[in-house]
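Worksheet: the structure to be examined is printed underneath.
Just so we're clear, the structure is a prediction, and the values are computed from it rather than from any experiment. In what follows, chains carry the letters A, B, and so on, assigned in the order in which the sequence lines appear, proteins first and then strands, with residues in each chain numbered from 1.
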Amino acid sequence: MSLKYEIFKTSGKSRLGKLHTRHGDVDTPAFMPVGTCGTVKAMMPESVAATGAQILLGNTYHLMLRPGSELVAKMGGLHKFMNWPKPILTDSGGFQVMSLTGLRKLTEEGVTFSSHVDGRKYFLSPEESMRIQYNLDSNITMALDECTPFPSTHEQAKVSMERSMRWAQRSRDAFIDRDGYGIFGIQQGSVYKDLREISAQALTKIGFDGYAIGGLAVGEGQDKMFEVLDYAPQMLPEDKPRYLMGVGRPDDIVGAVLRGVDMFDCVMPTRSGRTSQAFTRFGTINIRNARHKEDPRPLEEGCDCPLCRNYSRAYIHHLQKCNEVLAVMLLTWHNIAYYQRLMKGLREALANDPLSDFTQQFYADQARGDIKEL
RNA sequence: GGAGGGGUGGCAGAGCGGUCAAAUGCAACGGACUGUAAAUCCGUCGACUUUAGUCUACGAUGGUUCGAAUCCAUCCCCCUCCA
């Protein structure tokens with residue numbers, strides 16, 4: 001295999017590790033900010049790096065439409081194109097199979113999308129997804145899958161998962177091995193344990209550099225998601241990174257790390273930054289709320305992001321009310337910084353047992369968020 | 001002085017006899033957001049009670065009418081054009 005993964009220490013089901021890629025290392029547990037269209041919305045790549053992020057997520061479907069993977073290749077690859085020299089993982093388009101239902105047609109061969117931009121038709125097969133991600137120079141290519149929607153009956157989830165497994169094989173076959181690059185398979189099976197098991201076995205048999213858990217955080221709720229995570233990670237090879245796709249809220253991430261997950265991505269910190277929700281040690285804050293109008297305090301005491309270092313809640317509230325882009329930029333920066341600080345805290349706790357001290361403090365702090373005066 | 005056009009909920013602005021507590025937008029207040037069709041979407045927005053309902057409301061007063069934001073009279077303001 002072409003991607004090296006080291007596990008330094010485990011604590012319960014949790015693991016402290018490091019993933020080595022051609023473009024640098026990634027300490028795990030890791031959170032990957034989402035940069036769908038070749039940019040983390042409202043952030044300069046240098047700023048994203050300043051938060052401590054070591055790897056970004058890009059998207060096959062969106063970059064295929066604009067500007068096209070050939071152009072990105074011609075411009076020297078996605079790292080150079082977007083000025084992000086560190087590792088990049090690209091989603092295969094599998095999430096769009098679910099999120100763009102109605103704009104796509106699914107067959108055994110692949111998916112035909114009617115572009116949400118101009119209606120033009122695009123065909124995405126496992127082979128085509130591999131070719132595009134190769135063009136993008138992605139360090140971690142994701143197999144093309146179908147993110148199974150929730151709720152799905154056992155039968156629907158089975159049919160969907162089985163196709164994803166056939167596509168996983170085709171993805172693996174079409175993937176070109178290179179040093180410092182790798183491909184991850186994606187487990188499906190919705191909330192059904194037997195299907196998750198079959199899926200895990202199929203993927204393990206094919207053999208990947210890492211294994212993702214897909215089809216979660218799609219509306220089933222945290223309780224059900226944790227039920228699945230109580231067993232799903234352990235079904236996957238122990239010596240490879242495990243990536244929970246699209247998750248999540250801070251407490252989702254902590255809960256998943258405790259259950260043995262190593263990698264995460266989510267639009268939550270960036271999207272929330274654009275919709276005035278800020279994440280803090282003491283829970284979320286909607287900076288648009290009137291109670292912040294005359295609050296001279298920083299958003300989060302002790303945070304070293306530019307927002308918290310230099311501006312008051314009153315000022316961010318004002319910027320937000322005026323629809324100023326700076327509000328979006330600063331809130332996004334803060335949220336990404338918060339997520340990276342959370343991951344760093346988890347890693348440090350894992351390095352210096354016991355992890356339970358950290359998680360106990362985390363849950364206690366989050367609970368205090370109910371006190372609105374904070 | 002002459003001619004004309006207006007005054008509607010925080011603002012702008014529809015409505016021009018009943019289906020009007022009054023469209024729509026903005027503002028205000030709150031909520032949602034999980035591999036990004038999202039700087040987006042949803043709700044509330046006269047008062048009191050709340051399935052329902054009661055009361056006070058479209059410059060002011062009086063009138064016509066079963067019924068008026070809508071028609072008439074008077075008054076008070078505002079705007080445009082001509083002297």
- Message: In this structure, which stretches of RNA chain B are paired as stems of three or more consecutive Watson-Crick or G-U pairs, both distances less than 3.5 Å?
- Response: B:1-7 with B:76-82, B:10-12 with B:24-26, B:28-32 with B:40-44, B:46-48 with B:53-55, B:59-63 with B:71-75
- Query: Counting side-chain heavy atoms from CB outward, which of U36(B), C33(B), A28(B) is closest to Leu57(A)?
  - Reply: U36(B)
- Item | Spacing of Arg249(A) atom CZ relative to G35(B) atom P, expressed in whole Å | 11 Å
- Name the nucleic acid region contacted by Leu103(A), choosing base, sugar-phosphate or nothing; use a 4.0 angstrom heavy-atom cut-off, strictly under. base
- Query: How close or far is atom P of A39(B) from atom CE of Met43(A), stated in whole angstroms?
  - Reply: 16 Å
- Message: Within this structure, what is the NE2-NE2 distance for the pair His23(A) and His79(A), rounded to the nearest 0.5 Å?
- Response: 3.5 Å
- What is the nucleic acid contact for Asp145(A), judged by heavy atoms within less than 4.0 Å: base, sugar-phosphate only, or nothing? base
- Query: Could a donor-acceptor pair under 3.5 angstrom be found where the side chain of Arg274(A) meets the base of A38(B)?
  - Reply: no
- Message: Students often get this wrong, so: under 4.0 angstrom with heavy atoms, is Leu100(A) touching a base, only sugar-phosphate, or nothing?
- Response: base
- Locate the shortest heavy-atom distance separating Phe208(A) from Phe184(A); write the atom from each residue and the value. CD2-C, 3.6 Å
- Message: On the side chain of Arg288(A), is there an atom forming a donor-acceptor pair with the base of G31(B) - under 3.5 Å, no angle test?
- Response: yes
- Closest to the side chain of Val328(A), out of G30(B), A39(B), U34(B), is A39(B)
- May I have the distance from Met268(A) (atom CE) to G35(B) (atom P), rounded to whole angstrom? 8 Å
- Does the separation of the ring centres of His116(A) and Tyr61(A) fall below 6.0 angstrom? yes
- Base, sugar-phosphate, or nothing: which does Thr270(A) touch, judged by heavy atoms less than 4.0 Å apart? base
